[in-house]
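Lettering of chains follows the sequences in order, A, B, ..., and the numbering in each one begins at 1.
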Amino acid sequence: MSFLDELNESQRAAVEYNDGAQLIVAGAGSGKTRVLTYKIAYLLTQGVSAGHILALTFTNKAAREMKQRICHLVGEDVARYIWMGTFHSICARILRKHAAAIGFTRDYTIYDASDQKSLVKKIIKDLKLDDKIYKPGTIIDRISTAKSAFVSPEEYAQSKQFAQADSVMNIGRMPQIYAEYDKRLHGSNAMDFDDLLMYTVILLQNNADIREQYQSWFWYVLVDEYQDTNRTQYLLVKLFAEPQNKVCVVGDDAQSIYSFRGATIENILGFQQAYADARLFKLERNYRSTQTIVNAANSLIYKNKAQIRKNVYSEKEVGDKVRVTGYDTDREESHAVAQQIVMLHNLEHRNYEDIAILYRTNAQSRSFEDEIRKRNIPYRIYGGLSFYGRKEIKDAIAYFRLVANERDNEALDRIINMPKRGIGDTTVDKLREAAAMAGQPILAVCREPERFAPLLQAGTRKKVQAFAQMIDELHTLMQEKDAYEYTQAVYERSGLMADAVTDYSPEGIDRRGNLEELLSAIHQFVTDRKAQDEDAHINDFLNEVSLLTDQDERLDDRTPRVTMMTVHAAKGLEFPVVFVVGLEENLFPSPFCETEKEMEEERRLLYVAITRAEQQCFITYANQRWKNGQPTFNAPSRFIRDIDPQYITRGSSVPTMMPPWIEQPRTPRTMMSHPTTRPTEQLRQATVTPPARPATLKAVKQLPKQPMPDAVISEWKEGDRIAHKVFGKGTVKCVYKENDNEKIDIVFDDKGKKTLLLTYAKLERI
DNA sequence: TGTCTCATTTTTTTT
DNA sequence: AAATGAGACA
């Protein structure tokens, strides 16, 4: 087999074995995708036909790339029949077909994070719980944890473990909330992301005929990134693979970084127990990075206890040492990184696309963005507001959703008064109540208000009815037209486009542009699907979009750009030059990890970050960082100490001030509202003993609001620093008055009218 | 009902 | 630094 010659010995062994269950432990950069693609190609040459292969990945992007590579090996006409996709998209596909078996219709909606949140908020309100204690975020997290562990509401109510964790958090009513949440989702003919997996397992468990149908259909099951699967996914894989157990999972326990989402590292560690005669293969040769980078990463991960020991090595050049540099402030850090990028580009002729900045939290991106833009360096930020996350796009999509699934109450909530129809919150509340009373979808109440909600005023009834009628008319159109024509009809009938067109503000023009972009994306979709002789219905589009992530967008753009993203988002990618920034205590590692186990996950996260680098790796930290409008002071991350010093060189941009190591007191939860603030000077002098906290500087949160006459503002402009920034609502002009330690933000709307005035104090001497 | 003003809060990572 | 929410008022 000629193409197998392109593999090394261990890769080839892994590809050629397919007698049964198989675990491939693939070190970073060891060609794991290559093995998977070649394995699939090999299976095809062995007579397994494409349609009988199921390959599950973590992201759409990974699926698409793998499919492309297989196309190169075996041709597109074969590759297109492989069942390749994310867990979620494969499940969504199966559930569409068998929706009735689990009590849904095939038009079910997939709720995204914001739908979940608003639903949970309503439940908390209806159950009359305190939203200070029952925070939507926490609740959603608990529900997701349960679903990831395949725990139903009933089982949740029985579970001592969940009950105990809830009582610690003082959220003892969780079982009721979970049950109610489940009920309302079902009532809305909707599922959240976790449901897609959970219901597929339920479907297969409860329906022997369907289960056997898939089990005999899938001859071979492959799973990528197995270290990031949760219990529900484990069950799912098992259900697909039984009874033959021709299953091949690939993963790296050292790169398991999604436990917060329910991933359990036990899946990969216990694979050989789960599949009795499973064979283990290891890929240990790293083809990506220099020896120094591999060694540095190894020395870091060596500090973790729970892991499959392996010996990842590189035979590339030794390469540069990892450069660790500390700065006084976060501003200096981003300034220096941007400057370094300029130098890399101009002096070492690095392409911008070869460079990435990786950080722990999305919030860190802003300062780098500012500095990089100042220097006119092209860049791209992943993970910010994605196109499909924009308000006007979500509104348009909410129309699609409601028309397709009239029970989708979250979509209705979004659009019933968008654009303005004079249907306010009070009316919607009444409608909701009437709907709950009658056991009807809210839209049904809108259709016949006199029957379900006679209390509404005549004028309101009319408005509500008109809305329902519009939706119903669109419903007819939806069935007649393709997605493109239908979208045009939606824009027109809903008044969305008219609303954007008459708005001449910069934001309005932007909104219109986005709506047009959506339309052209749908046009593209229709053309593509028709060329493939596939359906081009709006529901097909909706399906695809609701499972999209921000990393799946913007393929067209080929300008070389510096990449900025979180370390999580960088998993699976590689760059010649990588900056890992913000390596400080209380940031990286995150202040929220308390157990040693969580700390090990943070360490793995840094391992992932470092191993993204092919040739050069820079690590930076800042002694002072602005957080929530307040300065915070943190010691350099303990992880820097974990890396063997022989692979590190100290950066020299500022006087090296790595203090002799002090165990940074980790801010306990209860103290979070009073962040420790310590002046930089103190940090410099700190020796072995943890420094006391001399409060020579105090950050004053917010000055009392004071009227600020325009005259005063113009007076301040003279000689003061004035910054311009553009963000969501309007233009902000910040006026700093240094001597009085005050800063004023004046927010103007598009017409130059003053809309918001905030006064902040900077550091105040005591 | 909708807009404007002010006040409070903020736990990381994402399919 | 920014978003979200509550309350006042037109």
Quiz prompt | Which nucleotide in dT10(B), dT13(B), dT15(B) has an atom nearest any side-chain atom of R261(A) | solution = dT15(B)
Practice problem: Rounded to the nearest angstrom, tell me the gap between atom OH in Y359(A) and atom P in dT13(B). | Solution: 10 Å
Quiz item: OP1 or OP2 of dT1(B) less than 4.0 angstrom from a side-chain nitrogen or oxygen of T426(A), does that happen here?
Solution: yes
Quiz item: Nearest-Å distance, CD (E598(A)) to P (dT13(B))?
Solution: 15 Å
Quiz prompt | Whole-Å gap separating P (dT10(B)) and CZ (R625(A)) | solution = 21 Å
Quiz item: Got a salt bridge between K394(A) and E410(A), using NZ or NE/NH1/NH2 to carboxylate O under 4.0 Å?
Solution: no
Quiz item: N417(A) side chain N/O closer than 4.0 Å to the phosphate oxygens (OP1, OP2) of dG2(B)?
Solution: yes
Practice problem: Considering just the side-chain nitrogens and oxygens of K121(A), establish if one lies under 4.0 Å of OP1 or OP2 belonging to dT4(C). | Solution: no
Quiz item: When all nucleic acid strands are considered with a 4.0 Å heavy-atom cut-off, which category describes K117(A): base, sugar-phosphate, or nothing?
Solution: nothing
Quiz item: Using a cut-off of less than 4.0 Å, is there contact between a side-chain N or O of N362(A) and OP1 or OP2 of dT12(B)?
Solution: no
Quiz item: So, is T427(A) near the phosphate of dT1(B), with a side-chain N or O under 4.0 Å from OP1 or OP2?
Solution: yes
Quiz item: Across the strands shown, which category fits Y258(A) at heavy-atom distances under 4.0 angstrom: base, sugar-phosphate, nothing?
Solution: sugar-phosphate
Quiz item: For the pair made of NZ in K135(A) and C1' in dT9(B), what is the distance, rounded to whole Å?
Solution: 9 Å
Exercise. Using a heavy-atom cut-off of under 4.0 Å over every strand shown, decide if F87(A) touches base, sugar-phosphate, or nothing.
Key: nothing
Quiz item: Between the base of dT12(B) and the side chain of T361(A), is there a donor-acceptor distance below 3.5 Å?
Solution: no
Quiz item: When rounded to the nearest 0.5 angstrom, what is the spacing between CZ in R261(A) and OG1 in T229(A)?
Solution: 10.5 Å
Quiz item: Are F260(A) and dT13(B) stacked, counting the six-membered base ring, centres under 5.5 Å, planes under 30°?
Solution: yes
Quiz item: Want to settle it: does T86(A) or K463(A) sit nearer the 5' end of DNA chain B, counting the closest nucleotide to each?
Solution: K463(A)
Quiz item: So, is R366(A) close to the dA2(C) phosphate, meaning a side-chain N or O under 4.0 Å from OP1 or OP2?
Solution: yes
Quiz item: Roughly, in whole Å, what's the span from CD in E225(A) to P in dT14(B)?
Solution: 14 Å
Practice problem: Report which part of the nucleic acid K627(A) touches: base, sugar-phosphate, or nothing (heavy-atom distance under 4.0 Å, all strands). | Solution: nothing
Self-check item: Separation of atom CD1 in I140(A) from atom C1' in dT12(B), rounded to whole Å
Solution: 16 Å
Quiz item: For atom C1', what is the distance between dT12(B) and dG5(C), given to the nearest Å?
Solution: 24 Å
Exercise. Identify, with sequence neighbours excluded, every residue that meets side chain to side chain contact (heavy atoms under 4.5 Å, CB included) alongside A356(A).
Key: L358(A), T563(A), F575(A)
Self-check item: Spacing of R603(A) atom CZ relative to dT12(B) atom P, expressed in whole Å
Solution: 22 Å
Quiz item: Which is true for S89(A) with a 4.0 Å heavy-atom rule: it touches a base, it touches only sugar-phosphate, or it touches nothing?
Solution: nothing
Quiz item: Relative to each other, are the rings of H88(A) and F193(A) parallel, tilted or perpendicular (30° and 60° limits)?
Solution: perpendicular
Quiz prompt | Salt-bridge present (R401(A), D395(A); N to O < 4.0 Å) | solution = no
Exercise. Pick the C1' atom in dT13(B) and in dT4(C), then give their distance to the nearest Å.
Key: 22 Å
Self-check item: Salt bridge flag under 4.0 Å for residues D115(A) and R414(A)
Solution: no
Quiz item: Nearest-Å distance, CD (Q364(A)) to P (dA1(C))?
Solution: 16 Å
